[in-house]
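Report on the following structure.
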There are 2 protein chains.
Amino acid sequence: MAIRIVIADDHTMLREGLAQALDSIPDIEVIATAADGRELLTLLAEITPDVILVDIEMPRLSGIGALRKLEGAPPAIVVTMHSEDEQRRKAAAAGAKGFLSKSAPLPDLAAAIRSVAAGEELLDAAATADILDRHRQPILDEGAAALTGRERELLSLLASGVSSTEDLADRLFISQKTVKNHLASIYDKLAITDRAQAVVEAIRLGIHR
Amino acid sequence: MAIRIVIADDHTMLREGLAQALDSIPDIEVIATAADGRELLTLLAEITPDVILVDIEMPRLSGIGALRKLEGAPPAIVVTMHSEDEQRRKAAAAGAKGFLSKSAPLPDLAAAIRSVAAGEELLDAAATADILDRHRQPILDEGAAALTGRERELLSLLASGVSSTEDLADRLFISQKTVKNHLASIYDKLAITDRAQAVVEAIRLGIHR
DNA sequence: GCCGCGATAGGGCGGAGGACCTATTGCGCT
DNA sequence: AGCGCAATAGGTCCTCCGCCCTATCGCGGC
């Protein structure tokens with residue numbers, strides 16, 4: 001269901017941080033990370049993600065070096081510190097399907113992951129913007145996509161700890177009956193049975209704050 | 001309650017990724033981020049975090065430059081790509097309280113944040129390891145710290161979507177009565193009233209999987 | 001040896017919550 | 001004009017949940 005990705009970067013803070021951030025996006029799942037090119041190769045001998053995210057600058061074996069050895073089995077996106085044309089050219093030559101600066105916003109990275117997962121290429125800097133726009137929205141679950149605005153509001157409140165029918169009704173300025181109706185509709189769409197499961201789903205789908 | 005921090009780094013992927021990763025630690029709260037030194041200064045004119053995390057290499061105004069202007073109001077930890085003594089020396093001179101490589105593991109970063117929040121200094125590379133060790137454990141809420149092992153197991157199951165008394169009893173191989181007793185104890189300790197709120201707390205406290 | 005407490009289990013009681021059904025209003029699309 | 005649907009609200013029924021109280025067993029500490 002979700003797009004399964006692997007992240008390779010030698011800086012733990014970026015690697016683990018990005019892993020957590022991407023994992024929290026409903027349609028993206030980080031299944032493993034690697035601290036250098038060799039680790040990445042070892043990893044890919046065992047598992048096959050849908051998309052690989054590689055940093056260029058890494059000890060032992062660089063991202064570009066790793067890609068050359070892989071010959072593009074799973075599509076790869078190269079991320080780098082200083083986005084220069086020379087690096088972009090090298091990445092493309094090594095078989096990368098995408099190229100992004102580490103300064104790119106996370107929604108762009110998510111869109112890029114969806115793009116290459118769908119078989120598109122993001123190498124031409126000019127064309128990239130258009131392609132990304134077509135992959136902006138996260139691919140939510142069937143049920144989650146069917147949620148109405150009011151249902152999302154209610155879920156968001158639930159996920160913030162407002163659990164009783166009375167409190168929910170007060171916060172939304174509607175009757176307790178309507179709260180129960182909305183909840184029943186949510187249970188139906190998400191295929192769950194109670195408020196506790198609704199909280200789990202709300203947080204998994206990123207419906208909170 | 002939680003340690004309030006601000007992150008300054010020009011690379012969005014590191015900045016936002018790290019923000020999300022740190023925010024998920026129960027006793028750490030990321031209240032804002034900045035993309036360069038100037039933004040950081042603007043931010044600190046408005047808000048006062050407990051700890052600042054700054055990258056050295058940033059456009060417009062470097063991390064070191066920003067620290068010099070701040071004169072160490074909130075304690076700062078400098079993070080950098082290539083951990084060299086020259087940079088460590090400069091960071092110390094600019095008033096930094098800590099110095100870490102971006103390759104440092106996240107638990108070390110969390111421990112470093114707790115250390116400087118507590119008023120300690122992490123500049124001597126040799127002494128750092130000992131100090132970090134003393135700040136390994138996350139500072140949980142009063143109530144959360146009082147949870148017993150079995151109560152955590154139950155919470156963890158709840159947070160994974162097992163919500164009915166019957167299912168919980170089956171998964172833990174205990175009677176439904178005991179499940180209710182454990183739940184009542186959890187409600188008491190966490191000052192909540194039902195399963196939905198328990199799920200919210202479980203996830204906030206990182207008790208899941 | 002006993003106290004405290006974690007883990008286990010039972011009973012009763014009242015209310016909240018979930019399932020099922022109907023109904024009205026207003027909006028947008030055809 | 002008519003359809004579909006989101007948002008609102010009401011009703012009934014019965015289960016399950018939260019609350020209060022009691023009780024046993026075994027372990028570790030004072």
Side-chain angles (χ1 to χ4, degrees), chain A residues 137-138 140-208, chain B residues 137 140-205 207-208:
Chain A
Q137 295 92 14
L140 293 172
D141 294 7
E142 259 180 82
L147 289 176
T148 69
R150 207 57 166 155
E151 285 161 3
R152 280 165 200 278
E153 275 185 68
L154 207 158
L155 260 188
S156 166
L157 270 179
L158 247 193
S160 72
V162 183
S163 61
S164 78
T165 307
E166 190 184 355
D167 291 348
L168 288 167
D170 288 350
R171 297 291 286 286
L172 293 171
F173 304 107
I174 55 181
S175 82
Q176 299 195 16
K177 300 289 167 241
T178 306
V179 168
K180 289 179 149 201
N181 287 341
H182 285 319
L183 280 172
S185 170
I186 290 169
Y187 298 160
D188 186 36
K189 290 177 182 171
L190 300 183
I192 54 179
T193 62
D194 55 50
R195 293 164 201 229
Q197 291 179 354
V199 171
V200 176
E201 286 302 298
I203 292 174
R204 188 180 71 81
L205 295 168
I207 304 177
H208 51 292
Chain B
Q137 298 93 11
L140 293 173
D141 295 6
E142 258 179 82
L147 290 176
T148 68
R150 207 59 166 155
E151 286 161 1
R152 280 166 201 277
E153 275 185 68
L154 208 159
L155 259 188
S156 166
L157 270 178
L158 246 193
S160 71
V162 183
S163 60
S164 78
T165 306
E166 190 184 356
D167 291 347
L168 288 167
D170 287 351
R171 297 292 284 291
L172 293 171
F173 305 106
I174 55 181
S175 82
Q176 298 195 16
K177 203 61 217 127
T178 305
V179 168
K180 289 178 147 204
N181 288 339
H182 285 319
L183 281 172
S185 171
I186 290 169
Y187 298 159
D188 186 36
K189 290 176 182 171
L190 300 182
I192 55 179
T193 62
D194 54 50
R195 293 164 201 229
Q197 291 180 353
V199 172
V200 176
E201 286 303 296
I203 294 174
R204 188 179 72 79
L205 295 168
I207 304 177
H208 49 294

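Just so we're on the same page: letters track the sequence lines, and every chain starts at 1. For clarity, every value in this text was computed on a predicted model and none was experimentally measured.
The nucleotide whose nearest atom lies closest to any side-chain atom of A:Lys180 is, among D:dA9, C:dT8, C:dG17, C:dG17. Comparing C:dG10, C:dA7, C:dG18 against the side chain of B:Lys177 picks out C:dG10 as the nearest. Of the candidate nucleotides C:dA9, D:dA9, D:dG18, D:dG18 has the atom lying nearest to any side-chain atom of B:Tyr187. In the set D:dG10, D:dA7, C:dT8, the nucleotide with an atom closest to the side chain of A:His182 is D:dA7.
Going from atom CD of B:Gln176 over to atom C1' of D:dC17 covers 11 Å, rounded to whole Å. The nearest whole Å value for the distance from the CG atom in A:Leu147 to the C1' atom in D:dA7 is 15 Å. In this entry the distance linking CG of A:Asp170 with P of C:dA16 reads 13 Å, nearest Å. One atom, CZ of A:Arg150, and another, C1' of D:dC5, lie 16 Å apart when rounded to the nearest Å. The interatomic distance linking B:Leu168 (CG) with D:dC16 (P) rounds to 14 Å, in whole Å. For the pair A:Leu183 CG and D:dA7 P, the computed distance is 13 Å after rounding to whole Å. Straight-line distance from the CZ atom of B:Arg195 to the C1' atom of D:dC19: 13 Å, rounded to whole Å. Between B:Ile186 atom CD1 and C:dT8 atom P there is a gap of 12 Å when expressed in whole angstrom units.
Distance check: B:Arg150 CZ to B:Ile174 CD1 gives 5.0 Å after rounding to the nearest 0.5 Å. Taking CZ of A:Arg195 as the reference point, atom CD of B:Gln197 lies at 11.0 Å (rounded to 0.5 Å). In this structure, B:Ile186 CD1 and B:Asn181 CG are separated by 11.0 Å, a value rounded to the nearest 0.5 Å. Separating the CZ atom in B:Arg171 from the CD atom in B:Glu153 is a distance of 11.5 Å, to the nearest 0.5 Å.
Heavy-atom nearest nucleotides on DNA chain C were determined for B:Ser175 and for B:Asp194, and the one closer to the 5' end corresponds to B:Ser175.
Within the nucleic acid shown, B:Thr165 comes within 4.0 Å of sugar-phosphate atoms alone, with no base atom in reach, counting heavy atoms only. Heavy atoms of A:Ser164 sit under 4.0 angstrom from primed sugar atoms or phosphate atoms, though from no base atom.
For the residue pair A:Leu154 and A:Val179, the shortest heavy atom distance occurs at CD1-O, 4.0 Å.
Judged by distance alone, with hydrogens and angles left aside, A:Asn181 brings a side-chain donor or acceptor within reach of the base of D:dA9, the pair sitting under 3.5 Å.
A:Thr148 has no side-chain polar atom (N or O) that falls below the 4.0 Å cut-off from OP1 or OP2 of D:dC5. Phosphate proximity of D:dA9 to A:Thr178: present, with a side-chain N or O under 4.0 Å from OP1 or OP2.
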